[in-house]
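Reading through the structure tokens given below for one structure.
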Amino acid sequence: QVQLMESGGGWVQPGESLRLSCVLSGSDTSINGRAWYRQAPGKQRELVAAITSGGVPTYAPSAKDRFTISRDNAREMIFLQMTSLKPEDTAVYYCTAGPFGTLVTGQGGRYWGQGTQVTVSA
């Protein structure tokens, strides 16, 4: 049984930074990638960034140059460092795990965390 748990969300002002963390417990041999998705009110869930088991990242255009995804394989964790945050980054951020191909096509993985709220406002 694979479980994912996010942490690190909160309220910040525009221009500030925030770091999200996600820990995975359990195992599934189909997992070769991890990703962050987000869902803003009234919008569909969308890919933010994904990372392969080897540490190669992929970013959505909205995240490129401002967000950095990384992983610590020893601790089964991934991170999302977010800088220069904007009000439009306000969303619930989800961690997901699965085959890398499904992560970057918008489907997401087989496993999802409960999400962590990020609010950016003055």
Are side-chain heavy atoms of [X] and [Y] found at a separation under 4.5 Å?
X    : Y   : value
Q81  : S17 : yes
L24  : V2  : yes
L20  : E6  : no
W112 : R45 : yes
Q39  : Y94 : yes
Y111 : I31 : yes

Do any N or O atoms from the side chain of [X] and from the backbone of [Y] form a donor-acceptor pair under 3.5 angstrom?
X    : Y    : value
E46  : G106 : no
Y59  : I69  : yes
T102 : G108 : yes
S30  : P99  : no

Tell me, which pairs form a disulfide (SG to SG under 2.5 Å) where one or both residues lie in residues 38-75, sequence neighbours left out? none
What pairs meet the disulfide (SG to SG under 2.5 Å) rule with one or both residues in residues 80-122, with sequence neighbours excluded? C22-C95
Gap separating the [atom1] atom of [X] from the [atom2] atom of [Y], nearest 0.5 angstrom:
X   : Y   : atom1 : atom2 : value
L18 : T83 : CG    : OG1   : 11.0 Å
Y37 : Q44 : OH    : CD    : 11.5 Å
S70 : M77 : OG    : CE    : 9.5 Å

Between L103 and A50 the two heavy atoms that sit nearest each other are CB-CB, 4.5 Å
Evaluate the criterion side chain to side chain contact (heavy atoms under 4.5 Å, CB included) for residue pair R34 and L4; output intermediate values, then yes/no. CA-CA 10 Å; R34 307 271 295 275; L4 299 168; 4.2 Å; yes
Name all residues meeting the salt bridge (Lys or Arg N to Asp or Glu O under 4.0 Å) criterion together with R110; count only those two or more places apart in sequence or in a different chain, and write none if there are none. D28
Side-chain heavy atoms under 4.5 Å apart, restricted to Ile/Leu/Val/Met/Phe/Trp/Tyr: what other residues fall into the cluster of W11, or is it alone? none
Suppose we screen for side chain to side chain donor-acceptor pair (under 3.5 Å). Which residues come up paired with R71, at least two apart in sequence or across chains? N73
Dump the intermediate steps for side chain to side chain contact (heavy atoms under 4.5 Å, CB included) on V56 and F100, then the final yes or no. CA-CA 11 Å; V56 178; F100 187 75; over 6 Å; no
Does CD belonging to Q13 count more than 12 external heavy atoms closer than 6.0 Å? yes
With a 6.0 Å cut-off (strictly less than), is the heavy-atom count around CD of Q117, excluding the residue itself, greater than 12? yes
Among T116, V48, V118, I51, the one residue meeting side-chain contact (heavy atoms from CB on, under 4.5 Å) with L80: V48
Does M5 belong to the same Ile/Leu/Val/Met/Phe/Trp/Tyr cluster as W36, with side-chain heavy atoms less than 4.5 Å apart forming each link? no
For residues 85-92, which side-chain donor-acceptor pairs fall under 3.5 Å, sequence neighbours excluded?
residue	atom	partner	partner atom	Å
D89	OD1	R38	NH1	2.9
D89	OD1	R66	NH2	3.0
D89	OD2	R66	NH1	2.8
D89	OD2	R66	NH2	3.4
D89	OD2	K86	N	2.8
T90	OG1	P87	O	2.9
T90	OG1	V120	N	2.9
T90	OG1	V120	O	3.4

